[in-house]
Protein chains: 4
Amino acid sequence: MNAAILLFAERGYDATTVPKIADKAQVGAGTIYRYFENKEALVNALFQECIHKFLEAFKSTKPESTTDVRQQFHVLFHVMVDYAENNTHELHFIDTHCSGHYLDEKSKQIFQDFLDFLKNFIEHGKEQGVLCLLPSDALIAIVYGAFSHLFKLIRIGVIQESTELLDSIEECCWNAIRIH
Amino acid sequence: MNAAILLFAERGYDATTVPKIADKAQVGAGTIYRYFENKEALVNALFQECIHKFLEAFKSTKPESTTDVRQQFHVLFHVMVDYAENNTHELHFIDTHCSGHYLDEKSKQIFQDFLDFLKNFIEHGKEQGVLCLLPSDALIAIVYGAFSHLFKLIRIGVIQESTELLDSIEECCWNAIRIH
Amino acid sequence: MNAAILLFAERGYDATTVPKIADKAQVGAGTIYRYFENKEALVNALFQECIHKFLEAFKSTKPESTTDVRQQFHVLFHVMVDYAENNTHELHFIDTHCSGHYLDEKSKQIFQDFLDFLKNFIEHGKEQGVLCLLPSDALIAIVYGAFSHLFKLIRIGVIQESTELLDSIEECCWNAIRIH
Amino acid sequence: MNAAILLFAERGYDATTVPKIADKAQVGAGTIYRYFENKEALVNALFQECIHKFLEAFKSTKPESTTDVRQQFHVLFHVMVDYAENNTHELHFIDTHCSGHYLDEKSKQIFQDFLDFLKNFIEHGKEQGVLCLLPSDALIAIVYGAFSHLFKLIRIGVIQESTELLDSIEECCWNAIRIH
DNA sequence: AATGAATGAGCGTTCATTCAT
DNA sequence: AATGAATGAACGCTCATTCAT
């Protein structure tokens, strides 16, 4: 599964062949089919697992423990950073596969659950009068789009990661969506 | 070429077959090979043309005509919006193909030129003390990432486009990168 | 299609690979797929064509032109002999594939039509009081079973074909089903 | 071995996979290879056993105990009926596999022995001046062909089996080969 | 210049066979 | 002795590319 995520993230679903996955995983090609019905089932299983892990990371922080929106944002942002740092390929895999034509209903559902979780936070912030009154999807897109592009640059080495940088970026993202 | 961009944008490079492009373009499959050496040459030509058009759109606005950074940002943002509105598929095509394994040196170069153009603006803004002192690539990523995610949502109909929305989003993006 | 019939007849559906058909037909493997959606479509098309040709041969003799059952049997038997002689492989192909799990509805239907045609003749003979009052299917099975086994032996060279032999066999088959 | 015969009879040699046989037999796939060198050895062992059982059934009736050919035919026919009734799948298995490309020399030999046994009877009948003076193989083909087609129809339920029917069919088969 | 039938390399997948447990 | 996970050769099939028309 690691080999598959890596290759899918690097080259995309269609350009990743089952034999290549098998090679990288150092197993026979047929072995993969003992665990996954086919290539599509494999990519869906991986996608669901990645999102699940990401979602669990969010939920385990219990963002409802504080009502301060800025504080909540800080916590959420750091979950994202943690995930991005420890699961570089997973994040990239999610980014590049979340709208693939091969995703099944379950994958789409869990991805929607993920977006809904983020939406909840945004909605709460808007109710508190702290966040812009734009559509929640738009605010999510702003933060998530910025974040994922940024970590792509970090992954390929264009930008050097550092605590200061991440703090500043958090501030930028916060400034993007808060009311001025 | 229109047919090719459409299909590449919709399904990705690897899932788009040359016969399908030929069908959509209402020509024979062989005809495509009179104009492009192979599928890779085709996608590169398309990519270069798209970026070139985008870049020209930016350059034709002569952003150097004013020194006010906010004003420049406004102009640039509206070039992006115009491009996104009039070339929905091109923007999506760029987004999904800009880090493809099939891009040749020239494509990578022109994409770099495009990023460098944006970088120039950022750099100028930082010199003027108006923009955050983060790496220019990071600031670009924030704005561009937010922007492209947003227009993806608009393209697939999740968000309804409107002048007010776009103005607000411009403000959000500006808030993300300016100094507070 | 000739190559395919030959190989299917010789080795059976499952043991006949598309590459082998292509080799025998001296075409590329992909070429077959320009004319048939898949291997199953190929075997069905062949089957339907074979039965159709057989059925047409029967119908063109206008067996209704005489009411003498023995005379009709003579005509029908000679159609079978003609077909068997001129389409050795087709007959074998029909025999070995008529109850295959890969046959589609249309193939089953046309084979049923073929049996129904023979049944008509039998039924007529029974009405005339000339043929045994066994189920028509049984009488067909007797004649057709005997006939096809016989021609199998002829095909593989165990028995030498001759006019006298065939006349005698016709007599045997007739004796099998007529009333004594 | 029962599981294997069933599956071979139902779907044919090539369409029957070793794992499916193992499943049906409720053993591990590897276990089969402790008893048979490979799939081909398995099908040959089964074939030889089936023919052997069939042949033994014939021989145990001691057809030489009477010299009356019609009486002998009656006995032989009933051995065939008994076998067909008690070993439906075996008969079908023999029918569909007796000219398979996977049969080894021993299988072909024992099948030949089986035919030779029938031939003996025919030859005796011809000597007695009771049976047609056609090639013995042809007479066997007529009776065996008719018989096996008939039991196929009985197996799949097209014809309802009954003592009267079988008696009539015996008479038909006898009429087919006796001298008139 | 344009075509599309033909090609065959390479895909996703299956399954006879092996072998560590 | 029995297992079933693992294997990889070979299947059915697709499609980028060629070339005779």
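Keep in mind that the numbers below use all heavy atoms, side chains included, and drop hydrogens, waters and symmetry copies. If you're wondering where the values come from, they're calculated on a predicted model, not measured in any experiment. By convention in this document, chain letters (A, B, ...) are assigned in the order of the sequence lines, proteins followed by strands, and residues within each chain are numbered from 1.
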Asn44(A) versus Glu40(A), side-chain donor and acceptor atoms under 3.5 Å:
no
Taking the side chain of Thr17(C) as heavy atoms from C-beta outward, which of dG12(E), dC13(F), dC11(F) is closest to it?
dC11(F)
Give the rounded distance in Å between these two atoms: CZ of Arg11(D) and C1' of dT14(E).
14 Å
Applying the Watson-Crick and G-U wobble criteria at under 3.5 Å, what pairs with dT21(F)? Answer none if nothing qualifies.
dA2(E)
Send over the distance from Lys20(C) NZ to dC13(F) P, rounded to a whole Å.
15 Å
Would Lys39(C) and Tyr13(C) count as a cation-pi pair here, with the cationic atom under 6.0 angstrom from the ring centre and within 45° of the axis?
yes
How close or far is atom C1' of dT21(F) from atom CZ of Arg34(B), stated in whole angstroms?
13 Å
Output the rounded distance in Å from CG (Leu42(B)) to P (dT17(F)).
10 Å
With nearest nucleotide decided by heavy atoms, which residue, Asn38(B) or Gly30(D), maps closer to the 5′ end of DNA chain F?
Gly30(D)
What integer distance in Å separates Asp14(B):CG from dG10(E):P?
15 Å
To the nearest Å, give me how far apart CD1 (Ile32(A)) and P (dA6(F)) are.
11 Å
Where each residue is assigned the nucleotide of DNA chain E containing its nearest heavy atom, which of Pro19(A) and Glu40(D) is assigned the position nearer the 5′ end?
Pro19(A)
Of Lys39(B) and Gln26(A), whose closest DNA chain F nucleotide lies nearer the 5' terminus?
Gln26(A)
Here the distance between atom P of dC11(F) and atom CG of Asp23(C), to the nearest Å, is 10 Å
Just to be sure I understand the rule, does Phe36(B) reach a base, reach only the sugar-phosphate, or reach nothing, if contact means heavy atoms closer than 4.0 Å?
nothing
Does dA9(E) have a Watson-Crick or wobble mate here (both distances under 3.5 Å), and if so which one?
dT14(F)
Contact under 4.0 Å: Thr31(C) side-chain N or O vs dT7(E) OP1/OP2
yes
Near-ring test His97(C)/Phe93(C), centroid separation under 6.0 angstrom
yes
Describe, in one word, how the ring planes of Phe54(D) and Tyr83(D) are oriented to each other, choosing from parallel (under 30°), tilted (30 to 60°) and perpendicular (over 60°).
parallel
With a 4.0 Å limit, can you tell me whether Tyr33(A) has a side-chain N or O closer than that to the phosphate oxygens OP1/OP2 of dC15(E)?
no
Residue met sooner reading DNA chain E from 5', once Tyr13(D) and Thr16(A) are mapped to nucleotides:
Thr16(A)
Ile21(B) has an atom CD1; how far is it from atom P of dT17(F), in whole Å?
11 Å
Tell which nucleotide pairs with dT14(E), taking only Watson-Crick or G-U wobble pairs whose two distances are both under 3.5 angstrom.
dA9(F)
Return the minimal non-hydrogen interatomic distance between His92(A) and Ala9(A), and the atom names on each side.
CE1-O, 3.2 Å
